Amino acid sequence: MTVLVLLSVLGLITLFSGFSSDKKLPIYLGIVGLAVVLGFNFMGWDLAHNAYNMVVADNYSIAFTTIMTFSTIFILFLLPDFSEKVEVPLAEITSLLLFTLFGAYLMVSYSNLVMLFIGIEILSISLYILAGSKKSNTASNEAAMKYFLMGSFATGFLLFGITLIYGATGSFDLGTIKTFVTDHAADTSTLLLVGVILMLIGLAFKISAAPFHFWAPDVYQGSPSLVTGFMATVVKTAGIAAFFKLFYTCFIPLADSWRTTIWVMAALTMTIGNITALYQTTFKRMLAYSSIAHAGYLLLALLALNNLSATAILYYATAYSLATIASFAVLITVHQAKQSHSLDSFKGLAKNNPFLAVMATIALCSLAGIPPLAGFFAKFYLFSAVIKEHFYWIVVIAVLNSCVGIFYYFRIIVNMFSPTAEQETIEVSSLYKMVIFVCIILSLVLGLLPDLILRCNL
Amino acid sequence: MTNLVFLVPLLPLIGFLLNGLLNNKISKNLAAAIGVLSVAGSFAIAAGIFLQSFHESSASHTIQYCTWLKAGSLTIPFEFLVDHLSMLFMLIITGVGLLIHIYSAGYMHDDDGFNRFFAYLNLFMFSMLMLVLGANYVMMFVGWEGVGLCSYLLIGFWYKNQEYNSAAKKAFIMNRIGDLGFLAGMFLMFSHFGSLSFAEVFEKAKAFSTNDTAIVGITLLLFIGACGKSAQIPLFTWLPDAMAGPTPVSALIHAATMVTAGIYMIARSNVLYTLAPTTLKVILVVGVFTALLGSFIALTQKDIKKVLAYSTVSQLGYMFIALGLGNYNAAVFHVMTHAFFKALLFLGAGSVIHAMSGEQDIFKMGGLRKHLPITNITFFIATLAISGFPLLSGFFSKDEIFVAALSYSPLLWLPISILFFLTPFYMFRLYFLTFYGEYRGTQEQMDHLHESPQIMTIPLMILAVLSVVGGWINASLFNIHGLEHFLEPVFRNYTLPFSSEGNEILEYGLAAVSLVVVIYLIWLTNNVFAKKEAENLAEEDMSFLQKLSYNKFYVDELYAFLIQKPLDWISEKTYEFIEVSGIDQIVNGTGSFVGWSSNTLRKLQTGHIGFYLFAMVFGIIMILVLNFII
């Protein structure tokens, strides 16, 4: 509870610090503030503090909020030197990022469906604005508009689902719903089942699972790159964590009625994401499809629903966030130098800036799941969790998809290391260098010592 | 002192890392100093451990450092076994190794790859020491593979010569075949004993009966490994080709140390082998035929190093005969004396080649004794020693083997004794052709003839002394059983089936016979090869047997016909029918299919929000319909 209050106050403070003459003050305030929030957040470990049956700060929520906060801090570090023309003051961007994070906090800490809904709405509305923050850029505007339209549509379903569940169980409270579902497992009403499926659809939209993924490529491409990076990491983590929490806590007794849907959805999402990524000609759009593909892998955790899957998601989200932030940082740097997101602009990077090329290679290898990087073990633990529940075919599909993934990730690596006639130096700001370096080192460390995260008792 | 044993392999490893990483950044002198001093350090520690062992009550120490591998029920600790057998090998390896390192500093001095050479030599020392110090089969295997790698690197040291590269590959592949046997042996061992540690395996082996199938299987498989490493039939053909490497390498790796790894491994596993008389018989037969083949081929070779190489093959054969007879002592004893005189022979040959500007054909030498006095004398001593001239080292060690053979059966003893007299013949042929008679080289080579520098001749002299006196450590003829007692704790469960006590007359008689025969052979070879003009037969003029020997029994050709040709054929056909028209089609087809799907799916992303919403609603309807109506 303290953490939530602190975070929302922090958002307000950064917003008002925009009156200061130092344009970058809000960012630094945001970083320092988040560090404090992290500290308070940690203090709640193992306490499972429950605030008015609305939000609960158990280890699950603390672990995920920690990761998301770290991601946000990295993104904030990238903000001062962000080169794309964003016509919204930095203070507003910072505070919007913090409000989104606040929504994300609610999405993983809720113990009441109302809180979940409010969290999702806070997160979404801030994101609609962030997506359109390049005001005079049509692509950015288009992204914001599409995101908003489709997002509201999906929200409708989510809300409808919540209502039906309320109608069937008489409560918004997770505990009550759980008890009700367990007691009535034998004679479930259609009302409840439809409610569950509708909520599933609403949440699937948030994590861009197929066939509700169509917004993602356009929105990811149109938004400012940094916002895209934020969506791909923090928002995706929040979405899957909320999704998993709801279904793991309440709906396991009904698993038979929604598992097949998840199975098909996961298979479709992975396949569409990976296959479509193959033909993309810009790095940014390719990352968008890759992010859809990763959502597909993450959905596997909802199939497993055993004691391994929560940690598996946590580890996966961490590995994925680290590699994605590093990739976006590289993307932004290259874009600044070449004014293009195309794959060709990566040609000769190894010669022009070996540091950037090597770091990007490691990041992409982690995304592709090459050992000993964190991305490999993330897939490994996730797939093991699923295999433990005897879902073999979906794992076969997932592994085949990973192979396809390797192709497009490595195409960029090949591009970077192929010769080019152009000789130019690419400037990397020291903040970007630092963030990239830290992300890569963490990817390596987590790959070598996966226990750092896996031993968390969620 | 035993606590310092980890330094014995560590020092050469450090030497390797320094020389390997700094490669061309340091001067040749510094590289040589690093190489020589690291081995000298190891030798000093090994000697210290050896001397201390006389004051210790327990003969064997297992020093465990940490757990190295752990998987399921398999735990492999990183541990060293320091007992009298490994001490002896440590001394031989570091001692002979040190001399050869010193010699190499002179021999290789003008080579561009000087620093690299020392790096490899040090890496070899490290691996070889790991091999003998490891206290379980896995660690031994690591050293086993390590020496194989170094052997490969050093045979192909002059990698610009394609033939040398082929020789290196041949050695590697032949060894690989053996390694497979070793690995399979370890697997089988683990499945029966649940452990790969010497102590545990040997303890549990006691529960097995003699000739138990499992034990026979394990020992046979391990023996295949030994065949590869120690150049026995059928895997011996790599050793003569390995002479492509620089001569000090031939001396160190392909004569004195690495090729004896197989003997070490079998001696180390004596508990298992004693339980498997069947395997011992196989070893005996293989040893006899290898000794025969090696000596016979050595008779007609013209390349100075090839003669020595085949001589090594046959000497290894004798060692295996000793093992096959269950007389591990004799085998280890012969390893030791052989290390002295064969290293000396190779280094002497190196000195000759050095003086002759790289010439290796003995028919283009002759009369070198005047120009290379020290090499001449030391080479002569080594030749006497290997020929079993009484009271020199080779005499005592081969005598042990013959006594063992005699006790087994006179029918075995007689042929191998006669066989052994081929050794003085080909050795003195080599000696007289090289050092006596008329000079047959070119004038240019003549002008360059010179005795090697001291840095090379001093190791020769030290080895010559060892070749003379080295055998007295176990001169059973004079009732000296030093080595036997020293090794007794290792070979404890083995009792000599035949004691030489009481048979002195027979032994003295045999010694006298061998004295007479060797002197006769010296006189004979002197007449044939030194007095007369040396007869350099062209291949066409040779008799059938000479041709057979000169062409190495056509073993290489046989292997090419039996193995290489069919493999090539299969490979070609698989490539045509399975690879190109099968797998390639499937793989490329998959690729094009995925590409095509990508291009198709991509077009779904139209950018029209209407379509997106339609797709979403369609998806929702499908989910609801499939879940609730069907």
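Here is how names work: the chains are called A, B, and so on, in the same order as the sequence lines, proteins then strands, and each is numbered from 1. Keep in mind the model is a prediction, meaning the values are calculated, not measured.
Enclosure of atom CZ in A:Phe380 is not indicated, since only 12 or fewer non-hydrogen atoms of other residues, nucleotides or ligands lie within 6.0 angstrom. Environment of OH in A:Tyr166: sparse, with no more than 12 heavy atoms of neighbouring residues, nucleotides or ligands closer than 6.0 Å. Summarising the local packing, CZ of B:Phe190 is surrounded by more than 12 heavy atoms from other residues, nucleotides or ligands at distances under 6.0 Å. More than 12 heavy atoms of other residues, nucleotides or ligands lie within 6.0 Å of CZ in A:Phe247, so this atom counts as buried by the packing criterion.
Proximity to chain A is limited to the side chain of B:Phe611, based on heavy atoms less than 4.5 angstrom apart. Contacts of A:Phe157 with chain B are made by side-chain atoms alone, with heavy-atom separations under 4.5 Å and no backbone atom involved. Looking at A:Val264, there are no atoms closer than 4.5 Å to chain B (heavy atoms on both sides), in backbone or side chain. Both the backbone and the side chain of A:Ala154 have a heavy atom closer than 4.5 Å to some heavy atom of chain B. For a residue to count as touching a neighbouring chain, one of its non-hydrogen atoms must lie under 4.5 Å from one of that chain's; by this rule A:Ile197 touches chain B with the side chain only. Looking at B:Ile623, only its side chain comes within 4.5 Å of chain A, counting heavy atoms on both sides.
For the atom pair CG of B:Leu624 and CG of A:Leu198, the computed distance is 6.0 Å after rounding to the nearest 0.5 Å. Atom-to-atom distance recorded for B:Ile609:CD1 and A:Tyr147:OH is 12.5 Å, nearest 0.5 angstrom. Separating the CG atom in B:Leu613 from the CG atom in A:Leu149 is a distance of 7.0 Å, to the nearest 0.5 Å. To the nearest 0.5 Å, atom OG1 of residue A:Thr261 and atom CG of residue B:Leu626 are 8.0 Å apart. Note: A:Leu193 CG to B:Phe628 CZ = 5.0 Å, rounded to the nearest 0.5 Å. Between atom CZ of residue B:Phe593 and atom CD1 of residue A:Ile275 there is a gap of 7.0 Å, rounded to the nearest 0.5 Å.
Although no hydrogens or angles enter the test, the distance criterion places a donor-acceptor pair under 3.5 Å between the side chain of B:Gln605 and the main chain of A:Phe214. Remark: the backbone N or O of B:His608 is not paired with any side-chain donor or acceptor of A:Lys146 at under 3.5 angstrom. No donor-acceptor pair under 3.5 Å is formed between the side chain of A:Thr276 and the backbone N or O of B:Ser598.
By the 4.5 Å heavy-atom criterion applied to side chains, A:Phe212 and B:Ile620 are counted as neighbours. B:Met616 has its side chain out of reach of A:Trp215: every pair of non-hydrogen atoms, C-beta onward, lies at least 4.5 Å apart.
Of all heavy-atom pairs spanning A:Pro211 and B:Gly619, the tightest one is CG-CA, 3.8 Å.
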key: side chain to side chain contact (heavy atoms under 4.5 Å, CB included) assessment of B:Tyr612 paired with A:Asp218   = CA-CA 11 Å; B:Tyr612 293 176; A:Asp218 293 2; 2.4 Å; yes
request  = Given side chain to side chain donor-acceptor pair (under 3.5 Å), test B:Asn627 with A:Ser257 step by step and report yes or no.
outcome  = CA-CA 7 Å; B:Asn627 268 312; A:Ser257 53; over 6 Å; no
